[in-house]
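Working notes, beginning with the structure itself.
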Number of protein chains: 2
Amino acid sequence: MTRLTPIIACNDCPIRFRAVCADCDAEELAMLERVKTYRTYAAGAHLALAGEGLDHFSSIVSGCATMSRTLEDGRRQTVGLLMPPDFIGRPGRAQSAFDVQALGEVTVCRFERRAFEQMVRDTPHIATRLLTMSLDELDAARDWAVVLGRMTAREKLAAFLVSLARRQAQGSTARLPGGGVSLTLPLTREELADHLGLTIETTSRQMTALRKDGLIDLRQSREVLIPDFEALSAEAGEDGDGGPIV
Amino acid sequence: MTRLTPIIACNDCPIRFRAVCADCDAEELAMLERVKTYRTYAAGAHLALAGEGLDHFSSIVSGCATMSRTLEDGRRQTVGLLMPPDFIGRPGRAQSAFDVQALGEVTVCRFERRAFEQMVRDTPHIATRLLTMSLDELDAARDWAVVLGRMTAREKLAAFLVSLARRQAQGSTARLPGGGVSLTLPLTREELADHLGLTIETTSRQMTALRKDGLIDLRQSREVLIPDFEALSAEAGEDGDGGPIV
DNA sequence: GTCATACATTGATCGAAATCAAAGGTGGAT
DNA sequence: ATCCACCTTTGATTTCGATCAATGTATGAC
């Protein structure tokens, strides 16, 4: 049971568990430190392009990014909103299946693919940790399919706001006295529309409708205040048990 | 490098790689054999219910199943079509997030959760193998989100037929002389509608439309013949490079 | 054979979201 | 401050898929 010194601890990427893992040794951790680098992207920058080579694996340290695909005729669908500590890329494949684009400034912790794959092979805990993360993302992707396939525009918007608030709850979302929640949308209306499978106009209209019905309060177009979280959840068609199992 | 005897090889479940794995030993494989059982479900049977306990992990050996969620008001969305060697359940969670229902008769290879989790912890190759499978399913789920969010009814249907033909291509799909493909739908029109995020009527109408346009041929309602696979792919909005990277 | 049942197709009408179009806001550059 | 570019909202109209309704078609029981 090695006690690790902070200087080699990695606390801001998916591999961070190794810093507190009882049965990993310092050599492995040092190896991990050697191969990782940090990188910061400007707002709007592409972190990956669908179909193009992706010879590294990254974990988001700060900021948000979208994962999306654009059809030839311009229709775009966002398939995931990436937030810390989500990962980009995967072991065993040298191509990205989707576009990944920064929303605002994004910092990632990055590993070269070969070195990363070697680490996954050599270090069982990394594979296990990645498996858990992947399965969680898989459940989330399937939950979102229900939203895309069967919900109305209003329900989609409510579901998104609720899920975003839940995701930010681990981090920075402000809890207001009286059960309210406030959050800042990392997306423009257009990006939101692409995520919900709607047009920008419908998205804006439904946002207005939720505001007029008192379910949300908009101080600015991207500053959302949810006075009654339960009420908004109900609008998203939730059965009152506090959301998806994920 | 142990050469394994057939009697302890498992060739019909996700763990089958162990039978040919050079660096695993016979003891581990024997342990794996001890904890697994086979189970067959009748058509329509539930293999899991959303929100209910699921104290085992299974891999489909034969047959098909759907993974779906039903909202309180009856709207249902299928989030995945399970075929061999897809898995049901996951390490680290004792609840199912979705309903899993057999389409026709289904046989699974089943492990009790505790024993399976122990195996995952103890056997690095199992974790790696599961990781690869999960990441493939994740990409597939995200690809499907593009279909659900942005495609028309006709495109959805074409995309589904194309993807089903591709999945069955590893197995049983008949390749006809002249580049055609024939396949048997494992789903009723209603189940198909639930998968595509459409109603049964729209699904049926689009099926008819594809038939009238010569893109498919229906000998029976569930016997589909695709005379020109490329033409149907194009209808699904594919850019000609042979489908998703998955 | 007839009947019952579930599945599938087709038709008529309706409605939610898309599309087309224009006007309001907001923030940064000069 | 003024202008400009981009984002957002709102309005008018259209369209695709949903809904309501009926008819057609297989399969198995008896």
Side-chain angles (χ1 to χ4, degrees), chain A residues 42-44 66 71 73-77 101 103-105 147-161 184-213 216-224 235-237, chain B residues 42-44 66 71 73-77 101 103-104 147-161 184-213 216-224 235 237:
Chain A
T66 55
L71 303 179
D73 58 7
R75 285 178 287 178
R76 180 193 310 207
Q77 177 66 47
Q101 195 168 10
L103 300 170
E105 193 171 84
V147 173
L148 288 177
R150 289 296 185 205
M151 289 197 176
T152 63
R154 183 187 177 96
E155 289 170 325
K156 285 179 175 181
L157 204 37
F160 175 74
L161 292 173
T184 303
L185 297 180
L187 309 143
T188 65
R189 290 287 184 275
E190 184 169 24
E191 288 156 347
L192 193 44
D194 286 340
H195 193 222
L196 302 175
L198 298 173
T199 58
I200 184 173
E201 295 95 333
T202 298
T203 305
S204 179
R205 270 188 255 272
Q206 294 300 330
M207 209 77 173
T208 302
L210 288 179
R211 182 173 53 69
K212 286 192 175 154
D213 293 347
I216 59 173
D217 188 14
L218 291 169
R219 356 208 82 232
Q220 294 178 75
S221 65
R222 291 166 69 165
E223 290 296 327
V224 180
E235 209 63 37
Chain B
T66 54
L71 304 180
D73 57 7
R75 284 178 287 177
R76 181 192 312 209
Q77 178 65 49
Q101 195 167 11
L103 299 170
V147 173
L148 288 177
R150 288 298 185 203
M151 290 198 175
T152 63
R154 182 187 178 97
E155 289 170 325
K156 284 179 175 181
L157 204 37
F160 174 74
L161 293 173
T184 302
L185 297 180
L187 309 144
T188 65
R189 291 286 183 274
E190 184 168 24
E191 288 157 346
L192 192 45
D194 286 339
H195 194 222
L196 302 175
L198 298 173
T199 58
I200 185 173
E201 295 95 332
T202 298
T203 305
S204 179
R205 269 187 255 273
Q206 295 301 330
M207 208 78 173
T208 303
L210 289 179
R211 181 172 54 67
K212 287 193 175 154
D213 293 347
I216 59 173
D217 188 15
L218 291 169
R219 355 210 82 230
Q220 294 177 75
S221 66
R222 290 166 68 164
E223 290 298 326
V224 180
E235 209 63 38

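Since the structure is predicted, the reported quantities are computational estimates derived from the model, not experimental observations. Within every chain, numbering begins at 1; the chains are lettered A, B, ... in the order of the sequence lines, protein sequences first and strands thereafter.
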A:Ala193 to B:Arg150 - nearest heavy-atom pair and separation |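 For A:Ala193 versus B:Arg150, the nearest heavy atoms are O-NH2, 3.2 Å.
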
Rounded to the nearest 0.5 Å, what's the gap from [atom1] on [X] to [atom2] on [Y]? Could you check?
{"X": "B:Thr202", "Y": "B:Leu157", "atom1": "OG1", "atom2": "CG", "answer": "10.5 Å"}
{"X": "B:Thr66", "Y": "B:Gln77", "atom1": "OG1", "atom2": "CD", "answer": "11.0 Å"}
{"X": "A:Asp213", "Y": "A:Thr208", "atom1": "CG", "atom2": "OG1", "answer": "10.5 Å"}

Could you give the angle between the helix axes at the two ends of the helix from C:dG1-D:dC30 to C:dT30-D:dA1, with five pairs per end, rounded to 10 degrees?
->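 One end axis against the other gives 30°.
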
Would you check, one step at a time, whether the test side chain to side chain contact (heavy atoms under 4.5 Å, CB included) holds for A:Glu235 with A:Ile216?
-> CA-CA 11 Å; A:Glu235 209 63 37; A:Ile216 59 173; over 6 Å; no

For B:Ser204, report the nucleic acid contact type (base, sugar-phosphate, nothing); a contact means any heavy atom under 4.0 Å.
->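 If one applies the 4.0 Å heavy-atom cut-off, B:Ser204 turns out to touch a base.
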
When we call it a touch if two heavy atoms are under 4.0 Å apart, what does A:Ser221 touch: a base, just sugar-phosphate, or nothing?
->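 Touches sugar-phosphate only.
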
Is the closest side-chain heavy-atom distance between B:Leu218 and B:Val224 below 4.5 Å?
->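 Touching, per the 4.5 Å side-chain cut-off.
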
Specify the separation, in whole Å, of atom [atom1] of [X] and atom [atom2] of [N].
{"X": "A:Arg222", "N": "D:dT9", "atom1": "CZ", "atom2": "P", "value": "11 Å"}
{"X": "A:Leu187", "N": "D:dC7", "atom1": "CG", "atom2": "P", "value": "13 Å"}
{"X": "A:Glu190", "N": "D:dT9", "atom1": "CD", "atom2": "C1'", "value": "15 Å"}

Summarise how protein sits on nucleotides 15-27 of chain D as a single string, 5' to 3': B when a protein heavy atom is under 4.0 Å from the base, S for sugar-phosphate-only contact, - for no contact.
-> --SSBB------S

Among B:Leu196, B:Asp194, B:Ile200, find the one that has a side-chain contact (heavy atoms from CB on, under 4.5 Å) with B:Leu198.
->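 Exactly one pass, corresponding to B:Leu196.
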
For B:Arg189, check salt bridge (charged side-chain N to carboxylate O under 4.0 Å, His left out) against everything at least two apart and list the hits.
->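 For B:Arg189 there are no salt bridge (charged side-chain N to carboxylate O under 4.0 Å, His left out) partners, ignoring immediate neighbours.
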
Among B:Arg222, B:Gln220, B:Glu223, which one satisfies side chain to side chain donor-acceptor pair (under 3.5 Å) with B:Thr184?
->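 Single side chain to side chain donor-acceptor pair (under 3.5 Å) partner of B:Thr184 among B:Arg222, B:Gln220, B:Glu223: B:Glu223.
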
For A:Arg75, all residues meeting side chain to side chain donor-acceptor pair (under 3.5 Å), sequence neighbours excluded =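 With sequence neighbours excluded, A:Arg75 shows a side chain to side chain donor-acceptor pair (under 3.5 Å) to A:Asp73, B:Glu155, given in chain and number order.
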
By side-chain contact (heavy atoms from CB on, under 4.5 Å) - contacts of A:Glu191 (at least two apart) |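 For A:Glu191, the residues satisfying side-chain contact (heavy atoms from CB on, under 4.5 Å) (neighbours in sequence not counted) are A:Leu103, A:Leu187, A:Thr188.
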
Earliest and latest nucleotide of DNA chain C, 5' to 3', sitting under 4.0 Å from a non-hydrogen atom of chain B?
->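 From 5' to 3', the first and last contacting nucleotides are C:dA8 to C:dA12.
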
